[in-house]
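Accompanying notes for the structure given below.
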Amino acid sequence: MKQKIILYQVLPRLYGNRNLTRKEGGTIEENGSGKLNDFSPSVLKGIREQGYTHVWYTGIIRHATQTDYSAWGIPRQHPAVVKGKAGSPYAIADYYDVDPDLAVDVDKRMEEFERLVNRTHRAGLKMIIDFVPNHVARQYKSVKKPRGVKDLGAGDNVEKGFDPQNNFYYCPGLAFTPYFDLYHGEKSPYEERPAKATGNDHFDNAPGLNDWYETVKLNYGVDYYAGRVGYFDPVPSTWKKMLHILLFWAEKEIDGFRCDMAEMVPAEFWAWATAQVKERFPELVFIGEVYNPNEYRRYLASGFDYLYDKVGMYDAMRDVICGRQGTEAITHAWQASNDISDHMLYFLENHDEHRIASDNFAGNGRKALPALVVNALMQKNPFMVYAGQEYGERGMDSEGFSGCDGKTTIFDYWSIDTLCRASAGQLTADEQWLSKVYEKVLNFARKEKAIAEGEMFDLMYVNQQYSRQYAFLRKAGKDIVLVVANFDDLPVQMNLMLPAHAFDFLEIGEQEYQATELFGGAQIPLELAKDEVLELHMAPRDAIVLKIK
């Protein structure tokens, strides 16, 4: 049976950290850091038992940090161009190195990573890591590049703003003069001349605090100064260097890349690079962070296996959870990408978005239970959970650079409250209940043929009187699954119409069936007939999942 992908995103620096100091803006010595070794065989076994098939380890590759590792031969970064004490995992400082924060023995950090790959696989899980192709840290310098590899920027003509064979974009003759303090507590200011363009397509020498000022944009042969004209023949230098980096990590036997801001890199590069990577590693997957729905099909055609469905399903589902839209928004979202539905990655949280239980979103993780059930079960495509989501992590800490923003920081040394209490057996009754729901739903999604392989039939076009409820059928072979979700804060008595077209489309016979309810395990006799109704009582913010034989 084909297995549905259930992805678990973890930030190792946070995931295994059990230090409860949590000093705002604290150092690694004060607040601690999780390690790769925290993902022990028993921890990974537990992740597998919760229903996951893949782990996305966020922030593996060495990035800029304010922590001084110069004693280990790692260049010190100027704090003026590092966000937070820990730094952003998306400001890569060396594409060929592992983040030393994550190592028990810094000198053996790559060996510790390679052992993690083996442990992950032995636990029956597959391993995804980040590939950050659009930008690097301002002080990028590889100290671990293989022999014969030229560093990024080596050989660039810095007298040109753009050259197809340059790795960076420049502001010739101009120093880097952003709108913030360049000292940041140091005796000497950060200096960069000529200034390089900033990662969020900011092409002058003075980015602001809301820009990705800690990063510099990589040049893939696109002349932004002339209106995005592409120069791809001969093959740009950056293409060759980034392909080498992809192959370097693929040879470590990882199973895929989550590609940060993939749409900011030309599709022509992806088509060229993914073809060569997959020729050598045909099972390796590419997951792209693409936000423009008009670009989805172009990037899939360029070699991506899956794309974020953020501007679409995530936005629609968040609006439904929060009562800003009715459930017809869910139908519109899946219909907009129906021809590529198998390639869309659904999620309710990730490191860029608010925690469901935060004050910025729903205020309580339980309120998203119907969304969890719908997103995990409605299509064959992958579904992703962010570590702590399964316990209702609130993300309402003021960690330092991140501030109290309803998100879990990626910039600061910290520990996650619910993960710490889960490991100590101190979860509340509500948190334990929610985690059991996640475990049941995710394992059901992973194991059931009707979910992994079956067709979906949206029942809402004949049930439009219900704007806070959502229902659909899934079927593969003789297995049928009926899912009904109530997004309302009130109970509802539903008379759910089952149209004749659903029976014909899914080839369902009219007869009495035996159904098993997912959450309670109750056995329910069920009479299914064309254009007849099922009477269902729905509790507030709840779902009914019936496996019908």
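Start at 1 with the first residue, then count along the sequence.
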Sub-4.5 Å side-chain heavy-atom contact between V462 and H501
no

Presence of salt bridge, E455 and K380, under 4.0 angstrom
yes

Would you say that Y169 contacts F203 through its side chain, given a criterion of any heavy-atom pair below 4.5 Å between the two side chains?
yes

Exercise: identify the closest heavy-atom pair between L218 and P133:
CD1-O, 3.2 Å

Between N166 and F168, is any pair of side-chain heavy atoms under 4.5 Å apart?
no

Does E289 come within less than 4.0 Å of K310, counting only side-chain N to carboxylate O?
no

Nearest non-hydrogen partners of A376 and V441, listed with the distance
CB-CG1, 3.8 Å

K83 NZ/CZ over Y213 ring centroid, <6.0 Å and within 45° of normal:
yes

Are any of the side-chain nitrogens in D255 or K126 under 4.0 Å away from the carboxylate oxygens of its partner?
no

Does any non-hydrogen side-chain atom of M261 lie less than 4.5 Å from one of W212?
yes

Rounded at 0.5 Å granularity, tell me how far CZ in F487 sits from CG in D542.
11.5 Å

When every non-hydrogen atom of G221 is compared with those of F232, the smallest separation belongs to O-CE2, 3.8 Å

Do the side chains of R468 and D489 get close enough for a salt bridge, i.e. N-O under 4.0 angstrom?
no

Walk me through whether E390 and Y8 qualify under side chain to side chain donor-acceptor pair (under 3.5 Å).
CA-CA 10 Å; E390 67 273 34; Y8 193 49; 2.6 Å; yes

May I ask you to say whether R297 pairs ionically with D339, meaning some side-chain N is under 4.0 Å from a carboxylate O?
yes

With side chain to side chain donor-acceptor pair (under 3.5 Å) as the test, would you mind laying out the steps for D458 and Y470 before giving the verdict?
CA-CA 9 Å; D458 189 327; Y470 193 75; 2.6 Å; yes

Please determine whether salt bridge (Lys or Arg N to Asp or Glu O under 4.0 Å) holds for the pair E263 and R298, giving the CA-CA distance in whole Å, both sets of side-chain angles, and the decisive distance to 0.1 Å.
CA-CA 10 Å; E263 69 180 304; R298 189 158 75 100; over 6 Å; no

Once you round to the nearest 0.5 Å, how far does CH2 of W56 lie from CE of M384?
5.0 Å

Before you tell me yes or no, could you show the steps for N205 and T177 under side chain to side chain donor-acceptor pair (under 3.5 Å), namely the whole-Å CA-CA distance, both residues' side-chain angles and the distance that decides it to 0.1 Å?
CA-CA 6 Å; N205 65 323; T177 55; 3.3 Å; yes

Which class fits the ring pair F113 and W249: parallel under 30°, tilted 30 to 60°, perpendicular over 60°?
perpendicular

With heavy-atom distances below 4.5 Å as the criterion, would you say the side chains of R318 and R324 are in contact?
yes

Would you please test N134 and Y90 for side chain to side chain donor-acceptor pair (under 3.5 Å) and show each step?
CA-CA 10 Å; N134 175 68; Y90 297 99; over 6 Å; no

Where D479 and K449 come nearest, the two heavy atoms and their spacing
OD2-CB, 4.4 Å

Flag for N219-T238: side-chain donor and acceptor within less than 3.5 Å
no

Indicate the ring-plane relationship of Y291 and Y308, choosing parallel, tilted or perpendicular according to the 30° and 60° boundaries.
perpendicular

State plainly whether the residues D305 and K278 are in salt-bridge range, i.e. N to O under 4.0 Å.
yes

Identify the heavy atoms of L348 and M317 that sit nearest to each other, and give their distance.
CD2-CG, 3.7 Å

Taking all non-hydrogen atoms of both residues into account, name the closest pair between Y391 and L434 and its distance.
C-CD2, 3.8 Å

Is N463 reaching over with its side chain to a backbone N or O of L496, donor-acceptor style, under 3.5 angstrom?
no

If you define the side chain from C-beta out and look only at heavy atoms, does anything of I356 sit under 4.5 Å from K367?
no

For the residue pair W239 and W272, categorise the inter-ring angle as parallel (less than 30°), tilted (30 to 60°) or perpendicular (more than 60°).
tilted

So, Y299 versus H343: side-chain donor-acceptor pair below 3.5 Å or not?
no

Please examine the side chains of R474 and F472, heavy atoms only from C-beta on, and report whether any two atoms are closer than 4.5 Å.
yes

Side chain to side chain contact (heavy atoms under 4.5 Å, CB included) evaluation trace for Y140 with D94
CA-CA 6 Å; Y140 182 91; D94 187 345; 4.1 Å; yes

Interatomic spacing from CD1 in I480 to CD1 in I508 - rounded to 0.5 Å:
4.5 Å

Identify whether the distance between the nearest side-chain nitrogen and carboxylate oxygen of K141 and D151 falls below 4.0 Å.
no

Check whether any side-chain heavy atom of V149 sits under 4.5 Å from a side-chain heavy atom of F248, and report yes or no.
no

Quickly, which of R355, H354, E353 forms a side-chain contact (heavy atoms from CB on, under 4.5 Å) with F361? Name it, please.
H354

Once you round to the nearest 0.5 Å, how far does OG1 of T65 lie from CZ of R13?
7.0 Å

Ignoring hydrogens and geometry beyond distance, is a side-chain donor-acceptor pair present between Y314 and N350 at under 3.5 Å?
no

Would you mind telling me which of K217, E214, R138, H135 makes a side-chain hydrogen bond (donor to acceptor under 3.5 Å, both in side chains) with T198?
R138

